[in-house]
Colleague: 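Would you mind keeping the following structure in view while I ask a few things?
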Amino acid sequence: MTTVAASWLPLSPGERSVAIEVLGHGPLSRTELARRLGLSQGSLTRLTKPLIESGLLIEVPEAGAPAGLRQGRPSQPLDVVAESRSFLGFKITTDMIYGVVTTLRSDIVARLDRPLPTHDPDEVADLLAAMTAELALRHPALAGIGIGVGGFVRDRSLVGESPFLQWRDVPLAALVEERTGLPVVVENDVAGLVEAETWFGAGRGLDRFVVLTIGAGIGYGLVLGGRRVPCAEEDRGFGRHWIVDPNGPLTPDGERGSAVSLLATHNIRYQIRAATGRDLTYEEILTLATQGEPMAARVIGEAARALGTLVAQIANFAMPQKILLAGEGVGLIDAAGETVWETVRANRHPLAAAVALETKVSDFHDWARGAAVLAIQMLVLGAVEA
């Protein structure tokens with residue numbers, strides 16, 4: 001079953017700059033928009049007119065103004081029509097596909113999850129198409145699809161390498177486009193999360209911003225000048241080579257004391273299982289650590305020191321205004337936050353500014369939302385630069 005993409009007026013570079021500004025910071029008056037973009041009122045009027053006519057922007061009442069009272073066009077704020085189009089975001093894991101539908105402002109309005117019984121690319125594409133068709137019944141104004149995968153993605157379309165799915169050179173975007181009729185963008189899942197937080201979340205309006213994720217793996221994203229910095233090594237297992245404790249446990253590749261060996265949830269579980277014979281969940285290990293169980297406390301303490309070292313290194317070298325710690329492993333902060341902060345302070349100059357660290361417990365729908373933001377950028381704003 002194919003779905004017809006909701007049409008959208010193509011944007012010129014000038015119109016795109018207006019749309020990006022309103023989307024990220026609106027509602028904004030024309031006066032404020034002109035100031036932010038360095039435009040005359042005449043130029044701004046020329047750029048905003050087609051955006052209003054196309055339904056992308058709308059005039060909204062001034063905050064605090066009585067209903068029905070207009071203060072004149074120059075002060076009449078402009079905002080995006082968030083519900084005018086819907087976007088699909090999918091996060092693919094080893095055994096599940098998590099899907100969301102979002103508005104133009106990335107608010108999640110629907111969720112749909114399905115088990116992933118196979119990693120065969122064609123069958124995965126079939127399942128994504130079936131989920132799209134099901135969601136399209138309730139949300140017909142679909143403008144595009146974003147897909148996040150753990151792995152290396154080329155040209156926002158081809159999965160060059162995904163160890164979790166055991167894929168190499170899979171043209172996932174083309175496979176899903178053929179089945180749905182919708183434009184598709186594919187990207188590394190951490191990159192999608194970073195874009196979502198930069199545009200709509202913790203990094204909104206910041207010049208220098210970092211996202212560090214801990215969970216099944218270690219993810220890192222850097223934002224400079226308000227834009228994500230892409231890198232060729234994105235999610236190619238760099239955490240295995242980020243040594244934080246030369247005397248720590250071995251990685252699967254034989255490297256000792258890496259971020260992955262100390263912080264990845266499956267490796268924390270492995271350390272407990274090897275030492276005690278008990279197969280515990282990550283949450284159970286955190287609970288035992290807070291209760292003072294010796295082995296759990298030792299493993300979680302090592303993980304906390306590793307996390308503190310990473311945070312300090314990031315702060316020392318990237319000098320971000322904020323670090324967002326996200327992922328399914330952030331419960332480590334609740335269980336051993338004091339150790340994390342002691343380690344951060346030990347690895348920072350005594351006169352250094354305090355590290356602005358924000359934590360966010362992210363489920364897989366947050367990762368899917370990040371993929372939807374990639375679709376918003378590609379389809380509405382034309383922001384597809386890798």
Side-chain angles (χ1 to χ4, degrees), residues 24 190-191 193-215 217-231 233-235 237-249 251 255-265 267-268 286 289-290 297-362:
V190 175
L193 184 65
V194 173
E195 295 285 6
E197 293 296 334
T198 301
W199 281 50
F200 301 107
R204 180 174 170 177
L206 297 181
D207 183 68
R208 302 183 312 282
F209 174 59
V210 163
V211 176
L212 177 66
T213 65
I214 58 174
I218 309 299
Y220 176 80
L222 174 65
V223 172
L224 294 177
R227 295 171 63 87
R228 181 179 66 88
V229 178
C231 65
E233 297 80 22
E234 214 151 36
D235 208 39
F238 76 91
R240 299 189 189 282
H241 306 283
W242 198 344
I243 306 301
V244 293
D245 180 3
N247 299 313
T251 69
E255 294 168 335
R256 186 174 293 280
S258 73
V260 166
S261 65
L262 286 160
L263 284 167
T265 53
N267 281 333
I268 288 174
L286 292 178
T290 60
R298 181 182 70 79
V299 171
I300 293 303
E302 289 179 344
R305 286 186 287 276
L307 178 58
T309 301
L310 288 185
V311 169
Q313 289 177 349
I314 291 168
N316 288 338
F317 291 100
M319 295 176 283
Q321 295 161 281
K322 181 188 290 186
I323 299 172
L324 176 67
L325 179 67
E328 62 272 26
V330 299
L332 179 63
I333 288 286
D334 294 326
E338 184 175 342
T339 301
V340 173
W341 284 112
E342 286 176 355
T343 308
V344 170
R345 289 189 291 269
N347 286 275
R348 295 271 285 161
H349 190 283
L351 299 180
V355 177
L357 181 68
E358 181 176 324
T359 60
K360 178 179 182 179
V361 179
S362 304

Colleague: Could you report the tightest heavy-atom contact between A259 and V244, atom names first, then the distance?
Modeller: N-CG2, 4.3 Å
Colleague: Between the side chain of N347 and the main-chain N/O of G308, is any donor-acceptor distance below 3.5 Å?
Modeller: no
Colleague: For the atom pair CZ (F209) and CG (L222), what is the distance rounded to the nearest 0.5 Å?
Modeller: 10.5 Å
Colleague: Go through L332 and L263 one step at a time and tell me if the side-chain contact (heavy atoms from CB on, under 4.5 Å) criterion holds.
Modeller: CA-CA 9 Å; L332 179 63; L263 284 167; 3.6 Å; yes
Colleague: Taking E197 for its side chain and A202 for its backbone only, find out whether a donor-acceptor pair lies under 3.5 Å.
Modeller: yes
Colleague: List the residues meeting side-chain hydrogen bond (donor to acceptor under 3.5 Å, both in side chains) with R298, not counting sequence neighbours, and say none if there are none.
Modeller: E302
Colleague: What's the verdict on side-chain contact (heavy atoms from CB on, under 4.5 Å) for V194 and V223, showing C-alpha distance, side-chain angles and the deciding distance?
Modeller: CA-CA 8 Å; V194 173; V223 172; 3.7 Å; yes
Colleague: Which heavy atom of G257 sits nearest a heavy atom of L262, and at what distance?
Modeller: O-CD1, 3.8 Å
Colleague: Tell me whether R256 contacts the main-chain N or O of G248 through its side chain, where contact means a donor paired with an acceptor under 3.5 Å.
Modeller: yes
Colleague: Contact between L310 and Y220 at the side-chain level, heavy atoms closer than 4.5 Å - yes or no?
Modeller: no
Colleague: Taking the side chain as every heavy atom from C-beta outward, state whether V330 and K360 have any pair of such atoms under 4.5 Å apart.
Modeller: no
Colleague: Taking all non-hydrogen atoms of both residues, which atom of G301 and which atom of T339 are closest, and how far apart?
Modeller: O-CG2, 4.1 Å
Colleague: Mind checking side-chain contact (heavy atoms from CB on, under 4.5 Å) for T213 and listing every partner two or more places apart, or none if nothing turns up?
Modeller: V190, L193, V211, A326, W367
Colleague: Considering residues at least two apart in sequence or located in another chain, which fulfil the side-chain hydrogen bond (donor to acceptor under 3.5 Å, both in side chains) criterion with D245?
Modeller: none
Colleague: Could you check if a side-chain atom of W341 sits within less than 4.5 angstrom of a side-chain atom of V355, using non-hydrogen atoms only?
Modeller: yes
Colleague: Would you compute the distance between atom CD1 of I243 and atom OG1 of T309 and round it to the nearest 0.5 angstrom?
Modeller: 12.0 Å
Colleague: Restricting to non-hydrogen atoms, name the atom on G329 and the atom on T265 that form the minimum distance, rounded to 0.1 Å.
Modeller: CA-CG2, 4.3 Å
Colleague: Does any non-hydrogen side-chain atom of I333 lie less than 4.5 Å from one of L307?
Modeller: yes
Colleague: Could you list all the salt bridge (charged side-chain N to carboxylate O under 4.0 Å, His left out) pairs where at least one residue sits in residues 341-356, not counting sequence neighbours?
Modeller: none
Colleague: Hey, could you give me each pair passing salt bridge (charged side-chain N to carboxylate O under 4.0 Å, His left out) that has a residue in residues 315-338? Not counting sequence neighbours.
Modeller: K322-E358
Colleague: Looking at R208 and M319, would you say the former's side chain and the latter's main chain have a donor-acceptor pair under 3.5 Å?
Modeller: yes
Colleague: Restricting to non-hydrogen atoms, name the atom on A304 and the atom on V340 that form the minimum distance, rounded to 0.1 Å.
Modeller: O-CG2, 3.6 Å
Colleague: Please examine the side chains of L212 and I218, heavy atoms only from C-beta on, and report whether any two atoms are closer than 4.5 Å.
Modeller: yes
Colleague: Only counting residues at least two apart or in another chain, list the ones meeting side-chain hydrogen bond (donor to acceptor under 3.5 Å, both in side chains) with Q313.
Modeller: W242
Colleague: Check V210 against A318 and note the closest heavy-atom contact, atom names and distance.
Modeller: CG2-CB, 4.4 Å
